[in-house]
Amino acid sequence: MSGTVIRREVQIDTGAGPLEGFLALPAGGQSLVLFAHGSGSSRFSPRNTMVAGALNAAGIGTLLFDLLTADEHRIDEFTREYRFDIDLLAQRLVDALDWVKAQPDTQSLHLGLFGSSTGAAAALMAAAERPEYVDAVVSRGGRPDLAGDALPLVAAATLMIVGGEDHQVIELNRAAAANMRCDPELQIVPGATHLFEEPGTLESVVALAIDWFQQTLRDD
């Protein structure tokens, strides 16, 4: 599916200041996926941008946004004190979910979360915090184990995608899945390392994510 995609820059209000983001809404779409990037990344993440473009082409809306304010980002560039603060990042996702539900053009959409690396833990924590909003979560090379006590509280349909050569993270994902009640699915991409930099591996992630969101972000 492809067609007109309406794109605009947005600012998401938080208690600490605005978060900058890019909202893309395909015409006639019924779903929206919010991205939670990994440590030190931003709304300009090339991998997430590639995934978001493919989702848009499949008729799924996307919201790529910074999890840190501009001031926090400047500080974090030197101290790295915010990028591993999973509780803070999860709260920013909750802020974004609340913002989406307050906007006229997004409030009625089915919502999913796409988390990478540490962002996957933040996504699962936000899904546990807003179960009435989040229908699905996809983790790419994620660290869901860092979501800790939130794992059993996640009700959203959860897909974990891990590279076949990312052996430690595979085991961490299996351990996290064992603590979840929503029966998450684990998909291993053969030949891929943590960042899915090998030819064709990120495309495999995209295909799995699109299929998952198309199955889960729709009217029953």
Side-chain angles (χ1 to χ4, degrees), residues 31 33-41 45 47-48 51 55 60 67 82-94 96-97 110-198 201-218 220:
S31 57
V33 172
L34 288 71
F35 280 71
H37 49 72
S39 55
S41 191
S45 162
R47 291 182 186 85
N48 282 349
V51 176
L55 291 178
I60 301 169
L67 296 177
Y82 294 120
R83 66 183 64 186
F84 299 114
D85 187 340
I86 308 298
D87 289 333
L88 173 67
L89 302 182
Q91 181 56 52
R92 295 298 164 75
L93 268 177
V94 170
L97 287 166
H110 299 289
L111 301 183
L113 300 175
F114 184 98
S116 306
S117 192
T118 51
L124 290 168
M125 292 173 70
E129 185 74 18
R130 291 289 188 271
E132 70 276 23
Y133 291 169
V134 181
D135 294 320
V137 177
V138 171
S139 163
R140 172 181 67 80
R143 289 290 309 274
D145 54 297
L146 297 177
D149 293 340
L151 288 172
L153 304 177
V154 176
T158 301
L159 172 64
M160 301 173 177
I161 308 173
V162 186
E165 301 303 312
D166 200 3
H167 302 295
Q168 182 181 10
V169 174
I170 290 174
E171 294 310 312
L172 291 170
N173 274 254
R174 284 177 173 153
N179 288 321
M180 299 176 70
R181 298 173 184 170
C182 62
D183 193 24
E185 182 173 320
L186 176 62
Q187 288 278 358
I188 297 175
V189 178
T193 52
H194 186 62
L195 294 178
F196 297 89
E197 295 176 302
E198 296 73 23
T201 57
L202 190 57
E203 287 77 6
S204 295
V205 171
V206 168
L208 289 167
I210 288 174
D211 183 63
W212 190 259
F213 286 133
Q214 286 181 334
Q215 289 183 54
T216 55
L217 300 182
R218 62 183 186 185
D220 294 331

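We use all heavy atoms of the structure for the numbers below, so side chains are in, but hydrogens, waters and symmetry mates are not.
By the 4.5 Å heavy-atom criterion applied to side chains, R130 and L111 are not counted as neighbours. By the 4.5 Å heavy-atom criterion applied to side chains, Q187 and W212 are not counted as neighbours. For the pair M125 and L146, the minimum side-chain heavy-atom distance is 4.5 Å or more.
Here the straight-line distance linking atom CZ of R47 with atom CG of L202 works out to 7.5 Å at 0.5 Å rounding. Here the CG-CD distance, from L93 to E129, works out to 11.5 Å after rounding to the nearest 0.5 Å. One finds the CD1 atom of I60 at 11.5 Å from the CZ atom of R218 (value rounded to the nearest 0.5 Å).
R143 and T118 share no side-chain donor-acceptor pair at under 3.5 Å. Looking at Q215 and D211, their side chains do bring a donor and an acceptor atom within 3.5 Å of each other.
The side chain to side chain donor-acceptor pair (under 3.5 Å) search around E198 returns T193, not counting sequence neighbours.
In summary, of the residues considered (V205, V51, N48, L195), a side chain to side chain contact (heavy atoms under 4.5 Å, CB included) with S116 occurs for N48 alone. With F35 as the partner, the side chain to side chain contact (heavy atoms under 4.5 Å, CB included) test is satisfied by one option alone out of L67, V138, L113, L55: L55.
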With a cut-off of 3.5 Å and sequence neighbours excluded, list every side-chain donor-acceptor pair involving residues 151-170.
| residue | atom | partner | partner atom | Å |
| --- | --- | --- | --- | --- |
| T158 | OG1 | A156 | O | 2.9 |
| D166 | OD2 | H194 | ND1 | 2.7 |

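A209 and F114 get closest at one heavy-atom pair: CB-CE1, 4.0 Å. Residues G142 and N173 approach most closely at O-ND2, 3.1 Å, considering heavy atoms. Considering every non-hydrogen atom in both S139 and A120, the closest pair reads OG-CB, 3.4 Å. Shown here for A122 and I86, the closest heavy-atom pair between the two residues is N-CG2, 3.9 Å. Among all heavy-atom pairs drawn from F196 and G141, the shortest one is CE1-N, 3.8 Å.
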